[in-house]
J.: 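Take this structure, written in structure tokens, and hold onto it; I'll ask about it next.
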Amino acid sequence: MMHRKPVFAANWKMNHGPTDARAFMHRFLALTPRQQDRTTIFFPSALTFATVAEAVKERLDLMIGVQNVHQEPQGAFTGENSVLMARDAGARVVLVGHSERRHVFGESDETTAKKCALVAEARLIPMLCVGETLEEREAGATASVVERQLSAGIAGLDDQQVGAMMIAYEPVWAIGTGRTATPEDASDIHGVIRQLLVARLDVRPAAGIPILYGGSVNRGNAPILLAASDVDGLLVGGASLDPDGWSSIVRS
Ligand code: PEP
């Protein structure tokens with residue numbers, strides 16, 4: 001199996017304005033030496049993006065991304081941000097289809113697919129999020145939901161673009177609830193995702209795609225989840241908001 005550097009991604013959601021982010025980054029950078037063997041990504045809000053970009057500019061081990069972009073390249077969409085604006089601002093990664101986009105804002109597989117294609121065309125990395133609701137899990141539909149979301153997300157991309165993506169498995173019932181998937185559950189679904197990527201790309205290129213787990217990760221459970229097979233990184237919401245805790249997770 002190809003070696004994949006672990007990826008640690010902080011989704012700040014609608015938290016941390018520029019003032020908080022400046023203080024956060026000051027403390028985080030002081031606590032976190034440069035790490036060549038892993039990649040750390042920050043997803044601040046669009047308004048906080050420039051502050052974080054400035055703070056990480058000398059640190060090649062730290063990347064920055066945006067939490068969302070609009071599915072059209074430009075136009076009369078008041079309040080939205082485009083993929084080209086994200087690239088111009090210095091984003092390398094774009095979260096696509098986060099559970100809150102799907103379930104709070106009603107984003108469909110079709111919209112998610114358009115966003116993945118736009119992001120890949122702009123040569124940024126889509127981090128496609130997939131995951132089942134509690135109802136779907138209890139109905140035994142976890143694998144089929146994840147397969148449907150993943151197939152839709154990669155349908156409009158060529159093989160090279162798929163090979164450059166990142167995937168995050170985030171069961172909806174685990175996000176912000178304090179309930180995490182067991183490492184075995186995460187491995188099972190990551191295995192389903194990997195198989196689908198192998199079917200699309202073949203073994204070697206599929207092996208290079210990082211599959212992150214997300215859902216109530218904290219400094220206690222991070223090392224255990226990260227040790228599970230096929231878990232190549234962590235996407236973290238709540239526990240990424242405090243610089244000491246987040247630094248301890250990215251050093252795990
Ligand atoms: C997330 O927002 O992607 C997430 C996993 O949130 P939390 O870690 O707070 O569950």
Side-chain angles (χ1 to χ4, degrees), residues 6-17 20-21 24 28 39-49 52 63-69 91-107 112 115-116 119 125-134 136-137 142 145-146 149-150 153 165-183 185-187 189-190 193 210-226 228 230-252:
V7 178
F8 296 85
N11 174 16
W12 284 356
K13 312 192 191 196
M14 202 171 70
N15 298 288
H16 287 333
D20 282 355
F24 178 110
F28 175 83
T39 303
T40 299
I41 309 172
F42 288 90
F43 293 104
S45 90
L47 290 174
T48 304
F49 188 93
V52 179
M63 288 166 74
I64 178 157
V66 292
Q67 298 173 12
N68 182 41
V69 289
R92 308 257 311 274
V93 192
V94 179
L95 270 187
V96 180
H98 186 273
S99 152
E100 287 140 26
R101 299 302 318 170
R102 294 179 189 270
H103 299 288
V104 180
F105 298 100
E107 202 166 291
T112 297
K115 292 185 182 189
C116 273
V119 172
I125 302 169
M127 183 184 284
L128 174 65
C129 304
V130 297
E132 82 287 1
T133 62
L134 186 58
E136 289 162 339
R137 184 177 195 81
T142 300
V145 167
V146 166
Q149 293 172 335
L150 180 60
M165 290 177 79
M166 297 184 184
I167 311 290
Y169 168 57
E170 298 204 302
V172 178
W173 48 270
I175 299 179
T177 59
R179 270 185 80 185
T180 36
T182 63
D185 283 341
S187 284
I189 300 304
H190 286 221
I193 294 170
I211 306 176
L212 285 68
Y213 168 79
S216 296
V217 172
N218 56 43
R219 64 209 285 182
N221 60 28
I224 304 159
L225 286 157
L226 209 51
D230 258 323
V231 175
D232 309 315
L234 302 169
L235 176 54
V236 183
S240 72
L241 292 175
D242 147 59
D244 293 54
W246 179 234
S247 176
S248 118
I249 291 174
V250 306
R251 286 181 285 117
S252 56

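Whatever order the structure lists them in is the order used to number ligands and atoms, beginning at 1. FYI, the numbering just counts along the sequence from 1.
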J.: Who passes side-chain contact (heavy atoms from CB on, under 4.5 Å) against R179, sequence neighbours left out?
T.: L134, W173, T177
J.: Would a line drawn from the ring center of W246 to the ring center of F24 be shorter than 6.0 Å?
T.: no
J.: Does D185 have any salt bridge (charged side-chain N to carboxylate O under 4.0 Å, His left out) partners at least two apart in sequence or in another chain, and if so, which?
T.: R137
J.: Who pairs with E136 by salt bridge (charged side-chain N to carboxylate O under 4.0 Å, His left out), at least two apart in sequence or on another chain?
T.: none
J.: Name the residues with a heavy atom less than 4.0 Å from ligand 1?
T.: N11, K13, H98, E170, A174, I175, G176, G214, G215, S216, L235, V236, G237, G238
J.: In the structure I gave you, are the side-chain heavy atoms of L95 and C129 within less than 4.5 Å of one another anywhere?
T.: yes
J.: In this structure, which one of M127, R101, K115, M166 forms a side-chain contact (heavy atoms from CB on, under 4.5 Å) with V96?
T.: K115
